[in-house]
Protein chains: 2
Amino acid sequence: MTRQKRAVAAVLAETNEFTSAQELHARLREHGERVGLATVYAQLRGLADTGAVDSLRSESGETLYRRCGLSGHHHHLVCRQCGRAVELDAPEVEAWAHTLGQRHGFRDLEHVLEITGICDRCAAGPPRGATV
Amino acid sequence: MTRQKRAVAAVLAETNEFTSAQELHARLREHGERVGLATVYAQLRGLADTGAVDSLRSESGETLYRRCGLSGHHHHLVCRQCGRAVELDAPEVEAWAHTLGQRHGFRDLEHVLEITGICDRCAAGPPRGATV
DNA sequence: ATCGTTGCAAATGTTTTGCATGTCA
DNA sequence: TGACATGCAAAACATTTGCAACGAT
């Protein structure tokens, strides 16, 4: 357990939003924590492997990470503007995906479901004075 | 309408599987068509924008493209081994995603659903003599 | 002392861009 | 002709890796 590991865990714990490795690295610097970018990547990969964080690929090609609340398989509802995320349990979809896969002769089924939208806060308009 | 545009459309029409820009470019060379890599990327981006092809990001970070059969919004069941894809219509999921998003105060909802598995052909085992 | 972790810089791989040239309408 | 497409090489970008120094147990 190193200082860097703790630091990465700390920034991850700070937010509920999906964040890129680059941004997390920047945030660490802001906090005065000196952690190498390569180390951040290594940590995140490790955490994602063990399921301690969720990861998904943004439209722009970055991999985004978020500390994981639910332990098992689940989905996300993510705000396209602010990145705020809600974790979802979706038994119906699980069943549906499974049935449908089998009907087509597929096995070892997995699936990815991400719902995106604009959350109520963002829809309410940018905070007064913001230059967005 | 240029020779290159036709050529890209042609290779796309050849297969039902998700294919990377790099691979499509290679395939064009095999066909003796001389098309620049940058042009292939430009074409694919354009086609994806107009919805003429579907695109998704592979786990390895490449963007994969596939000519689109269904015109509207739909999902895919993709074989992780051979890339074979089945296009799916999923009204139940549409409704579910929409309801759930609204319940959480999100608007302008979109969603991505990809189901992956091993298709029957691949599950039947590798052809005899293969060294997998 | 040992072995995994770190961190820099360089490498990798995909995609984009600048810009001169070619080509369709 | 005149705007737009092309294509090369170089840039931009995220991510990974090689390897020497470091630090936790």
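Numbers restart at 1 for each chain; the letters A, B, ... are given by sequence-line order, proteins then strands.
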Which side-chain N or O atoms in residues 31-38 of chain B pair as donor and acceptor under 3.5 Å with protein atoms at least two apart or in another chain?
from	atom 1	to	atom 2	distance (Å)
B:H31	NE2	B:E14	OE2	3.3
B:E33	OE1	B:R3	NH1	3.1

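- Between the CD atom of B:Q43 and the CG atom of B:L24 there is a distance of 11.5 Å, given to the nearest 0.5 Å.
- Identified under the ring-ring contact (aromatic ring centres under 6.0 Å, His included) test for residues 98-124 of chain A, with sequence neighbours left out: A:H73-A:H111, A:H75-A:H111.
- Protein chain A contacts DNA chain C from C:dT5 to C:dC8, reading 5' to 3' and using non-hydrogen atoms of the protein with a distance under 4.0 Å.
- For DNA chain D, the outermost nucleotides in 5' to 3' order that have an atom under 4.0 Å from a heavy atom of chain B are D:dA5 to D:dC8.
- Both B:M1 and B:S20 lie near DNA chain C, and the one whose nearest nucleotide falls closer to the 5' end is B:S20.
- Remark: A:T50 engages no residue in a side chain to side chain donor-acceptor pair (under 3.5 Å) (not counting sequence neighbours).
- Applying the side chain to side chain donor-acceptor pair (under 3.5 Å) rule to A:T116 yields the partners A:R80; only residues at least two apart in sequence or on another chain are considered.
- For the segment residues 22-43 of chain B, the set of residues with a heavy atom within less than 4.0 Å of an atom of DNA chain D comprises B:R34, B:V35, B:G36, B:A38, B:T39, B:Q43, in numerical order.
- Exactly one residue among A:D54, A:N16, A:T15 makes a side chain to side chain donor-acceptor pair (under 3.5 Å) with A:R67. That residue is A:N16.
- When all heavy atoms are compared, the tightest approach of B:L109 to B:A97 is CD1-O, 4.1 Å.
- Considering only residues two or more places apart in sequence or on other chains, A:R103 meets the side-chain contact (heavy atoms from CB on, under 4.5 Å) condition with A:T99, A:L100.
- With sequence neighbours excluded, no residue satisfies ring pair (Phe, Tyr, Trp, His ring centres under 6.0 Å) with B:Y65.
- With sequence neighbours excluded, the residues satisfying side-chain contact (heavy atoms from CB on, under 4.5 Å) with A:E23 are A:T19, A:S20, A:R27.
- Salt bridge status for B:R57 with B:E114: absent, with no side-chain N to carboxylate O gap under 4.0 Å.
- Contact annotation for B:T63: backbone-only contact, meaning every heavy-atom pair under 4.0 Å involves sugar-phosphate atoms and none involves a base.
- Fit an axis to the five pairs at each end of the helix from C:dA1-D:dT25 to C:dA25-D:dT1 and the two axes sit 30° apart, to the nearest 10 degrees.
- Residues from residues 4-13 of chain A lying near DNA chain C, meaning a heavy-atom separation below 4.0 Å, are A:Q4, A:K5 in numerical order.
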